[in-house]
Each structure stands twice: as structure tokens, then as C-alpha cells.
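Data block below; observations after.
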Amino acid sequence: MAHFDTTVTDSVVKTVTKEYRRLLKRDSSNLMNDPAADKSLDSSSSSVRQSLNFDASILSQSDSSSYFEDSLHKERSVRKELVNAKAKIASLEHTNIQLETSNKKARVEYEQQSTEKTLLHDSDKVKLKEIERKVLSLERERNKLRDKIAETEEQAELNYLNLESRLRKKETKCLELEKEKSTLLSKINNLEEKLVVLAKDNQSLESKLNVSENNNDTNKILLEDALEYEKANKKLREQILEMQSKLADSEKRLYDQQKLIVDYEDDAAIVRMNKKKLDSIPRLEREARKYKEELEKATSFSENINLLREQLNSEQIKSKRLEERCKQLGVIEVEFENLKKQMHYGGSHKVMELERQLQAERTAHQLLLAQKGELSSSLSSLEGKLEHERKEYSEIKDTVIRQDNVNKELNDRLKRLKIRLEMAIKERDAQVALVDSFKAQLDITVCDGAEELPVERRLKEMEKLSAEYKTALENIQRQLDEKCTELSEQKTVSHRLNAKLKRLNKQMNNTLSSPVTPSGDRQMLDHLRNQLQTVQGELDKCKREKQAAAKELGLQAEGLDLSESKVIHLKDNPLSKKWENINAELARLHTENQRLFERVQLLEEGHSFADITARAEENASSVKELTEQIIGMKSTLKCEHIKYKRLEEQAQKTIKELKMIYFELTGWKLYEPERKVYKVVNDLAVCSEHFLYFKRTEKEEGGHLILLKNSYSEMESLKQHRQKYLENYGSISAFLAAITLDLNTIQHNDSTLMTND
Amino acid sequence: MQANKTGITLKGSTQMVTEFFGFGLNSILYQRGVYPDDMFTRKEAYGLSILVTSDPKLEQFLKTVLDQVREWLLKKVIKKLVLVMKNVKTEEIVERWVFNIDCEKQVDSENTNSKKELKDIQNEIRAVLRQIIASVTFLPALEDTCTIDVQVYTDKDEETPSCCYESSALLIKDAEQVKFKSFSTTVHKVQGMVEYKVKDDE
């Protein structure tokens with residue numbers, strides 16, 4: 001047994017040591033990461049524990065105490081070793097856990113890095129794509145720019161051609177002018193030569209005159225001289241004519257100003273008219289209120305009628321029921337007759353009862369009949385009432401419709417009046433703006449007139465407007481006076497010039513009549529030149545005065561006096577500076593672009609490298625000149641465009657005004673839906689389809705206005721007028737006037753009828 | 001501020017008016033979108049949050065303008081301050097912000113005028129600034145790029161400083177005019193208004 005025990009403990013120790021070694025080996029080989037190894041470690045520890053338990057059980061069964069003590073000692077040592085092994089296992093487990101965590105960390109880091117790298121890779125890809133896209137877009141832009149450059153080049157070429165053509169024209173003009181100049185110079189030279197000759201001739205003539213006064217040759221020369229003088233005279237006359245044309249212009253301006261004043265007066269009259277018309281507004285509003293009340297009454301009537309209708313329906317139902325009862329009574333009578341017959345055969349008791357029933361039935365029938373009569377009488381009275389109500393309703397309805405029409409017309413008139421008023425106001429504003437010397441600043445702010453009536457407010461506004469209008473008129477009058485004074489000054493200047501001219505003419509005549517003296521002619525020429533210089537000086541002075549006046553006008557518009565104030569402009573504005581820089585940069589880039597383009601073109605043409613720069617610069621300089629020319633042309637074009645626009649605006653305005661005046665005068669609105677087709681609509685037209693078409697025939701056909709057929713022109717009412725005025729007299733104006741008169745009479749009759757109602 | 005219980009001095013009034021012009025010009029430039037929005041920062045003044053430029057160049061320009069205006073206000077020679085907005089392409093004047101200035105000639109730099117409370121003056125200035133801010137609602141939008149110009153109307157005898165040059169007035173033909181409320185420091189009275197070009201289709 002003892003031997004057996006020792007072998008057991010030895011075996012236990014051996015297994016423990018083996019296990020320990022194995023664990024150590026595994027530790028050394030870093031197999032701790034493996035979860036299977038962990039499991040095996042656990043299993044091994046459990047097996048050790050089991051073996052120890054088994055050993056303990058065996059030891060408990062042993063008999064010998066010595067051996068037991070030895071074995072106990074061994075067991076303790078084994079246990080110690082086991083504890084040590086366990087501690088080592090724990091430490092190994094700890095290291096294992098640490099390694100595991102480090103491994104996990106490493107894996108996480110690795111994964112993070114990999115994801116970051118993939119993200120970076122993706123972003124790089126996206127960037128690459130973006131770059132590619134940008135490159136493509138840049139290429140596209142480049143192409144576009146190239147196209148634009150080509151377009152601009154084409155335009156430049158066209159402009160260049162245009163400019164060249166203009167330049168040629170100008171050159172030709174210049175040449176012509178130079179020719180003229182040379183001819184004039186030659187003429188002057190000739191004249192001078194002639195003068196010299198004349199002087200010589202004069203001397204000779206004087207000598208000859210002494211000999212013979214009737215020498216033909218000298219007379220001829222004198223005649224030529226006279227012709228020359230006549231030419232000079234002509235020139236002077238032309239100058240006078242120019243002055244006269246200027247005078248005519250100024251007179252024209254004066255006339256325009258007078259016209260404007262007349263227009264203003266007309267407008268004032270219109271405003272007064274409108275004011276009068278506005279007075280009738282409260283009366284019209286009162287009428288409208290009255291009609292509204294009547295309309296409300298009519299609606300209440302209609303409601304009553306509906307109630308009566310319902311009553312009628314109920315009465316009808318009742319009468320139907322009574323009829324049914326009558327039928328039932330008839331049936332009962334028939335039964336009664338039958339029973340009477342039976343009575344002859346049957347007992348008398350039953351007959352008595354039946355007779356009683358019959359009597360009761362008869363009384364009920366009589367009562368029902370009486371009721372029926374009453375109901376029928378009430379029904380008839382109600383029907384009468386209903387008819388009466390219906391008539392009243394229709395009458396009120398008609399009056400309401402008429403009133404509505406009248407109201408509409410009144411509203412239309414009001415609108416028209418408002419439009420006219422607005423037009424007058426606009427006109428006034430425009431005139432006020434035109435007359436920049438309008439000193440009194442207009443206060444547009446209209447006071448809050450919540451308590452005032454709208455008509456009163458309008459009236460006040462109108463009064464205000466008229467006051468402003470008066471002030472504007474006064475200003476215009478003042479301007480007119482100034483202009484008149486200017487004109488009178490100009491007239492005096494022109495008179496002076498005329499007097500001078502006359503004097504010169506006289507002098508000329510005197511010189512012509514008197515014997516020719518070259519020194520006197522020269523003096524005359526010098527005198528004329530001096531006069532020309534003085535006139536030019538006066539012209540410059542006038543220009544300067546004009547500029548100063550423009551400045552003054554600007555200040556006056558601001559309500560300031562030029563003699564007291566001046567306008568100061570602040571320099572170094574960053575925004576304008578910025579824009580200037582941008583424009584300069586743009587221009588620089590443009591020139592650079594042009595230069596580069598030239599280089600490219602030259603390279604494409606296959607020129608040598610050295611020549612390119614010089615040639616490109618040459619081209620650039622020419623392009624510069626061209627661009628300058630283009631800028632100049634553009635500015636002139638802009639000016640012309642603005643002028644054209646202004647003219648167009650003015651034309652539109654006058655057309656509108658004329659249309660309005662035409663409409664006010666004749667009552668006909670004029671439209672041009674197609675070319676040479678005119679649509680005319682009368683202001684008093686009852687229906688919207690009542691309009692006429694006129695067409696102007698071609699020039700070959702006579703260019704007459706003809707009436708086109710439509711539903712309105714073919715109406716019976718127009719037939720007479722058409723025959724009388726168009727066919728017999730051939731007068732469209734008379735035809736239109738006749739229609740207007742007809743419509744007016746209809747309108748007037750309607751209105752009188754309404755007032756009578 | 002140079003206001004006390006007895007009244008306001010010329011210096012104090014000048015300071016107030018110059019300050020108002022600074023805020024007024026800044027808010028006009030912001031409201032009309034002449035400069036981009038990110039170039040402005042908010043600043044509390046007169047109980048209002050007013051946007052003031054943060055662009056150094058514009059700041060410098062406005063500073064020179066206001067310094068000059070201050071000088072003229074002290075001399076009492078200024079009559080008008082006009083901020084003109086014109087189209088960059090067409091150079092057409094589209095808007096004019098006019099501030100008419102009336103100077104009380106009798107007040108010296110030391111003397112004071114009547115007794116007006118500082119609070120009342122500030123309230124009046126606030127009302128004018130509010131009107132300037134609110135004017136965006138009725139003014140037509142500036143569709144094209146615009147640039148600005150500052151013009152000052154002074155006495156004829158006043159010397160033109162180096163930062164300025166004499167020119168003619170920039171006016172708008174057929175302009176619509178809207179007046180703002182005025183404010184008075186009893187020394188200076190400022191009346192603002194805006195003139196703008198009405199479009200043809202309106």
C-alpha cells in the first residue's frame with residue numbers, strides 16, 4: 001500500500017512538474033494569445049486539482065503515520081509548488097491579457113490607419129477628378145475665350161474696315177477740302193496778283209486815262225474786279241444768312257416757349273374742368289347709396305316671395321288632400337246607396353245607424369268644402385299678391401340694372417377723370433423738372449387726412465397742384481422774359497452786324513465806283529480779318545458763359561446761389577479707385593492678350609523667332625490706335641443712341657398726348673391693330689363689339705381710307721349714315737360725327753329717363 | 001459730449017453731427033449694397049444696432065471725409081453733404097442722398113445756444129437713422145454695379161483742401177424725392193432726403 005502511495009504522490013508531482021514545464025514552454029513560445037491554449041491551461045489546472053484531491057483521499061486511507069508525515073510534508077511541498085505554479089499561471093494569464101489588449105490596440109490602430117489611408121486615397125481620387133473637371137472647364141473657358149477673341153477680332157476687323165472706309169471718306173473730304181483750300185488760296189493769290197496787276201494797271205490806267213478815258217481793256221479788268229468783289233459780297237451775305245437762320249432758331253425757340261405756355265394754360269383749363277366734374281361726385285355717391293338701399297329692399301321682397309311660394313305649395317298639398325277625401329266620400333255614398341237597397345231587404349235598425357253615419361259624414365264634408373273654399377280664396381289672394389310682388393321685383397331689378405349701368409359709366413368717367421388728372425400731374429411734374437430753376441422745393445408729403453372726406457382731400461390736392469402750377473407758370477414767364485431779353489440782345493447784335501454789313505456794302509460800292517486802290521483793298525481785307533477774329537473771340541466767350549451757366553443751373557436746381565456757394569468733390573474714393581484699377585487691369589490684359597495673340601498668329605504663319613516681337617508690337621500699336629478709334633466711335637454711338645432714345649420718348653409722349661386730345665375732341669379712340677388698318681371705338685358705345693375698322697389702300701389704288709365690313713358697320717342703324725355720308729358725300733368725319741351724335745342722343749335720352757324715374 | 005445743463009456748444013454740436021454722418025453714410029452703404037455685407041460689423045449707437053464698415057480703405061476714406069466735414073462744420077461754411085451713387089458702366093446718377101445743413105451763425109465755439117436736452121437730440125437722430133434704414137423698402141433695387149461719390153456744398157470763399165477738388169453738381173433728371181425727418185442740435189440743423197431715378201416702366 002505504502003509503495004502504492006509513494007508512486008501515487010510521485011506520479012502527482014511528475015504530472016505537476018510536467019504540466020508546469022509544458023506551461024513554461026507554452027509561455028516561452030508565446031502561445032498565450034491562443035484562446036485554445038488558455039482552455040488547455042484551465043483544463044490542466046483542474047486536472048492537477050483533481051489529482052491532488054485524489055491524492056488526499058488516498059493519503060487519508062493510509063495507515064502508517066511516518067509515512068503519512070513524509071507524505072504530508074511532500075504534499076505541502078507539492079502544494080507550495082502548486083501555489084507557485086498557480087501564481088505563475090495567474091501572472092501568465094495577466095501577461096496573456098496584456099498581450100491580448102496590446103494586440104487588440106494594434107489591430108484597432110491598424111484598422112484606423114487603413115481607413116484613414118483609404119479615406120485619403122478616396123479624397124485624392126475626388127481631388128483628382130475635380131482637378132480633371134477644372135482642367136476641362138478651363139479648357140472650355142479657354143475655347144470660349146478663343147471664340148470670344150475671334151469674335152472680338154472679327155468685330156475689330158469690321159470696325160477697322162468701317163473705320164477705314166470712314167477714314168477714306170474723311171481723307172477724301174480732307175482732300176476735297178484741301179483742294180478747295182488750295183483753290184481758295186490760288187484764288188486769293190490770283191486776287192492778290194490781280195490786285196498787284198490792278199495796281200499796275202491802275203497806274204497804267206491812270207496814265208492811260210489821261211490819254212484816253214474810253215479804253216476798253218481797262219474797263220474789262222475793272223469788270224473782273226467787280227465780279228471778285230461781288231463774290232466777297234456773296235460770302236458776307238452768306239454770313240448774314242447764317243446769322244438770320246440763328247435768329248430764326250431763337251425765334252422758333254421763343255415760339256416753342258409760347259406754345260408751352262399755351263399748353264400750360266390748356267392744362268390749367270382741363271384741371272379746372274376736372275375740378276368741376278369732381279364736384280358732382282358726392283351727388284353721384286348719394287345716388288349710388290340710394291340705389292343700394294333700393295337693391296336691399298328688392299332682395300327683401302324676393303325673400304318674401306319665396307316664403308309666399310312655400311305657403312302656396314303647402315296650400316296646394318292641403319287642397320289635394322281634400323280632393324282625396326271628396327273621392328272617399330263619393331265611395332261612401334255609393335256604399336250608402338247599396339245599403340239603402342239592402343235596407344229594403346234588411347232590418348231598420350241598421351239603416352238608422354247608417355243614416356247617422358251618413359249625416360255625420362255629410363257635415364264633415366260640408367265643413368271640408370267650406371275650408372276648401374276659404375283656402376282657395378286665400379290662395380287666389382296670395383297668387384294676386386305674388387304676381388304684384390313679382391312685377392315690383394322685376395321693376396326694381398330693371399331699375400337696379402339701369403342704376404348699375406349708370407354707376408359703371410360714372411365709375412368709368414371717374415376713372416377717366418382720374419387718368420386725366422394723373423396725366424395733368426405728370427405733365428406738371430415733367431414741366432417742373434424741365435424748368436430746372438424751379439426754386440421752391442415741392443413737398444410731396446401729403447398730410448394724413450383720415451378725418452377728411454376723399455373728395456375734399458382731392459380738392460385740396462388739386463388746389464395745391466394749381467398753386468404749384470401757377471408758380472411754375474411764373475417761373476416759365478420769368479424764363480421767357482429772360483429769353484426775350486436775350487433775343488432782343490441778339491437782335492440788336494444782328495442789327496449791328498446788318499448795319500456793319502450795309503456799311504461794308506456801301507464801302508464796296510464806293511470802292512467799285514471809285515477807282516481801284518490796292519492799298520484800300522488790303523486795308524479792307526485786314527479789317528474783315530480783324531472782324532472775323534473778334535467774332536470768333538465773342539463765340540469763345542459765349543461758350544465759356546454757357547459752361548458757367550450750366551454750372552449755375554445745376555446749383556440753382558439745388559436751391560443754391562452760385563455767387564455764394566460751390567461744389568467740392570472728395571478725392572481718393574476707394575470704390576471708384578477700385579473700379580478704375582479694375583478697368584485699367586482689364587485694358588492691360590486685353591492689350592496683353594492682343595499682343596500674345598499676334599505673336600501666336602505670327603508663329604503660326606511661320607515667321608522667324610526674332611521678328612515676332614517687333615511685328616507683334618507694330619500690330620499692337622496699330623490695334624491700340626484702332627481701339628482708341630473704336631472707343632471714340634462707341635462714345636459717339638452711345639451719344640447718338642441716347643439722342644435717339646430721347647427723341648423716341650418725346651415722340652411717344654406726343655403721340656399719347658395727341659391721341660388723348662383726339663379722343664377728348666371727337667370721342668373716338670384710335671388703335672392700329674395692323675399696319676394701315678385703324679380701329680376706332682366710340683366713347684359712348686353701348687356694346688364692346690361696337691367698333692369700326694378703316695383701312696388705307698395702297699398708293700397705286702389712291703391711298704384712300706375705306707371702311708371695312710364688320711357686324712357693327714353692317715347694322716341697320718349705321719346703314720343710313722353710311723349711304724348718306726360715305727357713299728354720297730364721301731366724308732368719313734361726317735359719318736363718324738353722325739354716329740357720335742346718335743350715340744349721344746341715346747345716352748342723353750337714357751339719362752333723362754333715369755332722372756324722370 | 002459738450003452738452004450741459006445750459007445748452008450745447010458748437011464743438012459738441014459738430015461732434016454730434018459728424019457722428020451722425022458717419023453712421024448715416026455707413027448704413028446707406030450697407031443698406032444699398034454698394035459694399036458686400038461681410039465688410040460691415042454691428043455697432044450699438046443711439047439705441048440702434050447700426051452696421052459700420054470694417055474695410056480699412058473705406059474706413060480711411062470716410063475718416064478723411066468726416067474730418068473735413070468736422071472742420072467745415074466748425075467754420076459753419078458747409079451747406080450740403082451729398083452721397084451720390086452712379087452706375088459704373090453708364091456713369092448715370094441713380095441715387096442722391098442729400099443732407100442739408102443749416103448752421104446757426106450766432107453761436108461761437110464757447111457760447112451755447114438754447115437749452116435742448118441731449119436725449120431729445122439723440123431721439124431725433126435715431127428717428128432719422130431709422131428712416132434711412134427703412135428707405136430700402138421703397139427705393140428701387142440697384143441692379144447694376146454702382147460706385148459712390150461724396151460732394152460737399154460750401155461757401156464760395158472757402159478754400160478747397162488738398163483732398164478735394166471743385167466740380168459741378170451731379171444731379172438726377174426727373175428724380176423722385178423723399179424727405180426724411182430733420183434733427184437739430186440748436187447749432188446745426190440737418191435735413192436729409194433721398195433722390196432717386198424712377199424707372200420708365202413704373
Side-chain angles (χ1 to χ4, degrees), chain A residues 426-438 440-446 547-583 586 634-635 638-639 641-642 645-646 648-649 652-653, chain B residues 29 34-35 55-62 64-65 68-69 72 77-82 84-86 88-90 92 96 98 100 145-179 193 198 200:
Chain A
K426 275 182 186 172
E427 184 65 31
R428 179 188 56 79
D429 287 341
Q431 294 302 338
V432 166
L434 276 170
V435 185
D436 282 328
S437 60
F438 188 79
Q441 288 183 339
L442 288 169
D443 279 323
I444 306 164
T445 48
V446 181
Q547 280 173 357
K551 241 184 180 181
E552 196 174 6
L553 212 65
L555 277 167
Q556 274 178 358
E558 290 283 297
L560 293 167
D561 190 10
L562 183 70
S563 60
E564 286 177 359
S565 37
K566 66 176 178 181
V567 185
I568 290 170
H569 205 102
L570 278 115
K571 277 190 224 170
D572 302 330
N573 173 10
L575 205 64
S576 52
K577 252 187 173 180
K578 187 186 150 191
W579 280 110
E580 274 170 19
N581 289 339
I582 287 165
N583 285 331
L586 205 73
K634 269 182 183 173
S635 64
K638 218 183 233 176
C639 285
H641 187 69
I642 289 158
K645 225 177 178 182
R646 274 183 204 153
E648 209 176 7
E649 276 171 13
Q652 288 287 343
K653 206 177 162 186
Chain B
L29 293 176
V34 182
Y35 279 88
D55 181 50
K57 279 182 187 172
L58 183 62
E59 248 178 329
Q60 184 56 41
F61 174 66
L62 288 176
T64 50
V65 169
Q68 199 53 56
V69 166
W72 282 323
V77 291
I78 190 165
K79 287 177 179 177
K80 237 175 230 211
L81 175 77
V82 186
V84 181
M85 285 186 194
K86 59 182 179 185
V88 174
K89 281 181 194 169
T90 57
E92 183 188 26
R96 283 179 89 237
V98 185
N100 293 315
T145 340
C146 286
T147 181
I148 55 159
D149 261 324
V150 179
Q151 287 193 324
V152 178
Y153 292 60
T154 60
D155 280 353
K156 181 93 177 163
D157 307 327
E158 184 59 26
E159 269 184 39
T160 311
S162 60
C163 64
C164 311
Y165 61 92
E166 255 187 80
S167 73
S168 57
L170 298 169
L171 304 170
I172 307 170
K173 205 184 171 187
D174 302 329
E176 197 75 37
Q177 217 180 59
V178 178
K179 276 189 179 176
M193 69 169 166
V198 187
D200 298 332

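All heavy atoms count here, side chains included; hydrogens, waters and symmetry mates do not. Within every chain, numbering begins at 1; the chains are lettered A, B, ... in the order of the sequence lines, protein sequences first and strands thereafter.
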Can you measure from CG (L81(B)) to CD1 (I568(A)) and round to the nearest 0.5 angstrom? 11.5 Å
Based on non-hydrogen pairs under 4.5 Å, which of Q151(B), K86(B), Q60(B), K57(B) is most in contact with chain A? Q151(B)
Answer with side chain, backbone, both or neither: which region of T145(B) has an atom nearer than 4.5 Å to a non-hydrogen atom of chain A? side chain
Can you tell me how far the OH atom of Y165(B) sits from the CG atom of L570(A), to the nearest 0.5 Å? 9.0 Å
Quick one, H569(A) with L170(B), criterion side chain to side chain contact (heavy atoms under 4.5 Å, CB included). Give me CA distance, side-chain angles, the key distance, then yes/no. CA-CA 10 Å; H569(A) 205 102; L170(B) 298 169; 3.8 Å; yes
Is a side-chain donor-acceptor pair under 3.5 Å present for T147(B) with K578(A)? no
How about E159(B): does its CD atom have over 12 heavy atoms from other parts shown lying under 6.0 Å from it? no
Identified side-chain hydrogen bond (donor to acceptor under 3.5 Å, both in side chains) counterpart of K566(A) within the set D157(B), T160(B), T154(B): T160(B)
Closest approach of C146(B) and W579(A), non-hydrogen atoms and distance? O-NE1, 4.3 Å
Which atom pair, heavy atoms only, marks the closest approach of K89(B) to K638(A)? O-NZ, 4.2 Å
Which of the residues C164(B), S162(B), P161(B) is involved in the greatest number of heavy-atom pairs with chain A at under 4.5 angstrom? C164(B)
Okay, V88(B) and chain A: the region with an atom under 4.5 Å from a heavy atom over there is side chain
